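The next block holds one structure in the form of structure tokens; read it before the comments.
Everything numeric here is computed off the predicted structure, so don't read it as measured data. For reference, positions follow the sequence shown, starting with 1.
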Amino acid sequence: MSLFISFSPFLDAWKEACASVTPSTVVIPKGTYLLSKVNLEGPCKAPIEINVQGTIKAPADPGAFKDPNWVRFYSIENFKMSGGGIFDGQGSIAYEKNKDPHNRAFRVKLPVNIRFDFVTNALIQDITSKDSKLFHVNVFACKNITLERFTVEAPADSPNTDGIHMGKSDGVNIIGCEIKTGDDCISIGDGTKNLDIKDITCGPGHGISIGSLGKYPNEEPVEGVKVTNCTITNTSNGARIKTWPGESPGIVSDVHFEDIIVNNVSSPILIDQKYCPWSKCKINEESKVKLSNISFKNIRGTSALPEAVKFICSGSSPCQNVELADIDIKHTGPEPATSQCLNVKPKTSGKLNPTPCSSPVPKTLSATA
């Protein structure tokens with residue numbers, strides 16, 4: 001049996017806790033509840049916590065939402081959410097309607113399961129996001145926020161269901177998370193700085209991706225990204241950077257992927273500066289996003305396709321200081337694994353399989369999503 005959490009009492013409990021001058025906790029006990037959209041806003045007068053023990057379900061009908069929010073935390077400092085609870089977006093109806101890539105008018109109204117906007121000094125721990133209609137988590141303009149032992153569950157064919165997406169945020173930590181979804185397990189948007197991703201299990205999905213970048217004007221740099229000790233399984237991509245050809249300038253620097261296991265991943269190591277989903281881009285132009293100080297170290301496992309390492313850099317702004325070290329990726333098929341390079345001369349060291357830049361670049365450069 002499901003119980004309906006009325007918007008007003010839940011919001012009233014939040015407001016009371018937020019107004020307290022001593023640390024306060026709002027508890028959602030075990031059980032199954034239905035919740036319409038809610039905005040939980042600060043600033044609060046003292047540290048505040050939400051302890052979610054039950055399962056909270058969104059309206060299944062996408063038409064119940066007029067903007068891309070279901071549960072939104074806004075302008076809060078010293079915040080914690082924990083308890084082992086589940087946020088269930090009930091996205092199956094949305095998935096069917098959202099499979100048409102031309103249906104943007106429908107997609108822009110789909111809600112993110114959990115949105116953190118302008119949140120500072122936060123810990124999100126032992127929470128599950130299930131079947132979100134769009135992204136599971138969106139982190140925007142946050143500082144010093146940690147998602148630990150966070151779980152994402154969605155079907156492999158659920159469109160646009162990025163597990164954790166962030167942008168314009170500084171000091172995000174994503175630790176010990178298990179992410180199974182239909183799009184990027186983790187996607188990193190512009191303005192992300194000092195990001196630490198470690199101990200992640202990813203798959204199915206599209207891997208761990210920086211971007212896509214360069215599509216919109218005035219994008220902020222992505223700087224200081226570390227991805228370590230992750231296992232990526234049965235995904236379309238592994239460690240990926242993607243930027244649009246033509247369009248707008250940008251910067252990506254100091255990005256390091258290290259100690260990563262890939263299992264049956266179609267494109268385990270990928271720089272794609274001809275990112276062109278649905279063939280809607282200026283494919284004959286060069287990307288204006290500048291990539292520098294990028295490393296891929298100690299990445300091992302298996303590739304579902306022969307092209308295990310693929311660097312497609314911009315012709316007008318070639319990648320600088322790209323490093324490959326201790327790479328051992330075997331193709332699961334009869335052909336050996338290959339490595340392709342365009343507009344980049346990577347520094348190399350240690351054991352390298354496949355041999356760097358050993359294969360010609362095909363005319364069809366990018367078809368990834």
Side-chain angles (χ1 to χ4, degrees), residues 2-59 64-89 111-130 132-152 164-175 177 191-192:
S2 297
L3 299 175
F4 182 74
I5 303 180
S6 176
F7 173 81
S8 295
F10 187 31
L11 192 58
D12 289 345
W14 169 266
K15 288 181 178 179
E16 182 178 349
C18 189
S20 173
V21 295
T22 58
S24 299
T25 301
V26 176
V27 178
I28 299 176
K30 291 182 179 180
T32 301
Y33 308 90
L34 300 176
L35 175 67
S36 60
K37 67 169 289 181
V38 62
N39 285 302
L40 303 173
E41 299 185 8
C44 299
K45 294 183 177 179
I48 188 167
E49 178 177 354
I50 292 185
N51 186 275
V52 183
Q53 302 171 11
T55 296
I56 304 172
K57 292 190 173 185
F65 297 90
K66 304 304 180 185
D67 59 51
N69 298 318
W70 175 32
V71 179
R72 181 184 186 230
F73 298 93
Y74 176 78
S75 188
I76 305 164
E77 189 171 355
N78 299 320
F79 171 66
K80 181 179 180 180
M81 182 164 65
S82 62
I86 299 170
F87 290 83
D88 185 351
V112 173
N113 258 12
I114 309 171
R115 184 182 291 271
F116 301 100
D117 294 340
F118 301 94
V119 174
T120 301
N121 300 332
L123 174 61
I124 315 303
Q125 194 175 63
D126 300 316
I127 294 293
T128 294
S129 174
K130 183 176 186 291
S132 181
K133 295 176 178 66
L134 201 69
F135 293 3
H136 286 262
V137 174
N138 192 81
V139 176
F140 176 77
C142 293
K143 188 172 183 179
N144 299 332
I145 180 170
T146 296
L147 291 92
E148 184 175 22
R149 299 191 300 271
F150 193 95
T151 300
V152 171
I164 301 171
H165 177 78
M166 72 216 66
K168 294 181 172 58
S169 295
D170 189 350
V172 177
N173 302 288
I174 305 173
I175 304 168
C177 300
T192 300

- Message: side-chain contact (heavy atoms from CB on, under 4.5 Å) for Phe87 and Val52? Distances and angles first, verdict last.
- Response: CA-CA 9 Å; Phe87 290 83; Val52 183; 4.1 Å; yes
- Phe116: partners by ring pair (Phe, Tyr, Trp, His ring centres under 6.0 Å), with sequence neighbours left out: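 Checked Phe116 against ring pair (Phe, Tyr, Trp, His ring centres under 6.0 Å); matches are Phe73.
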- Non-neighbouring partners of Phe150 that pass ring pair (Phe, Tyr, Trp, His ring centres under 6.0 Å), sequence neighbours left out: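 Not a single residue meets the ring pair (Phe, Tyr, Trp, His ring centres under 6.0 Å) criterion with Phe150.
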Going by side-chain hydrogen bond (donor to acceptor under 3.5 Å, both in side chains), name the residues that satisfy it together with [X], two or more places apart in sequence or in a different chain.
X: Asn138; value: none
X: Ser129; value: Asn113, His136
X: Thr25; value: none
X: Glu148; value: Gln125

Applying side-chain contact (heavy atoms from CB on, under 4.5 Å), can you list everything that pairs with [X], at least two apart in sequence or on another chain?
X: Thr55; result: Thr32, Lys57, Ile86, Asp88
X: Asn173; result: Thr146, Ile175, Asp196
X: Ser75; result: Pro43
X: Ala141; result: Phe118

Which heavy atom of [X] sits nearest a heavy atom of [Y], and at what distance?
X: Leu147; Y: Cys177; result: O-SG, 3.6 Å
X: Trp70; Y: Ile56; result: CH2-O, 3.4 Å
X: Cys142; Y: Ile145; result: CB-CG2, 3.9 Å
X: Val119; Y: Ala122; result: CG1-CB, 3.6 Å
X: Ser169; Y: Val172; result: CB-CG2, 3.8 Å
X: Thr192; Y: Gly167; result: OG1-CA, 3.7 Å

Is the shortest heavy-atom distance from the side chain of [X] to the side chain of [Y] under 4.5 Å?
X: Ser82; Y: Ile127; result: no
X: Val137; Y: Ile124; result: no
X: Leu11; Y: Leu40; result: yes
X: Ile48; Y: Trp14; result: yes

- Query: Phe135 vs His165 aromatic rings, parallel, tilted or perpendicular, using cut-offs 30° and 60°?
  - Reply: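 Answer is tilted, since the angle falls between 30° and 60°.
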- Task: Decide if atom CD of Glu16 counts as having more than 12 heavy atoms of other residues, nucleotides or ligands within a radius under 6.0 Å.
- Result: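 Open: at most 12 neighbouring heavy atoms sit under 6.0 Å from CD of Glu16.
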- Query: Taking atom NZ of Lys143 as the centre, does the number of heavy atoms from other residues, nucleotides or ligands within less than 6.0 Å exceed 12?
  - Reply: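 No, NZ of Lys143 has 12 or fewer neighbouring heavy atoms, counting only those of other groups under 6.0 Å.
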- Task: Mind jotting down which residue pairs meet the disulfide bond (SG atoms under 2.5 Å apart) criterion with at least one end in residues 21-58? Sequence neighbours excluded, please.
- Result: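 Residue pairs with at least one partner in residues 21-58: Cys18-Cys44.
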- salt bridge (charged side-chain N to carboxylate O under 4.0 Å, His left out): pairs with one or both residues in residues 66-80, sequence neighbours excluded: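 Residue pairs with at least one partner in residues 66-80: Lys37-Asp67, Arg72-Asp117.
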- Message: Determine whether a donor-acceptor pair (N or O, by modelled atom type, separation under 3.5 Å) exists between the side chain of Lys133 and the backbone of Gly89.
- Response: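 Yes.
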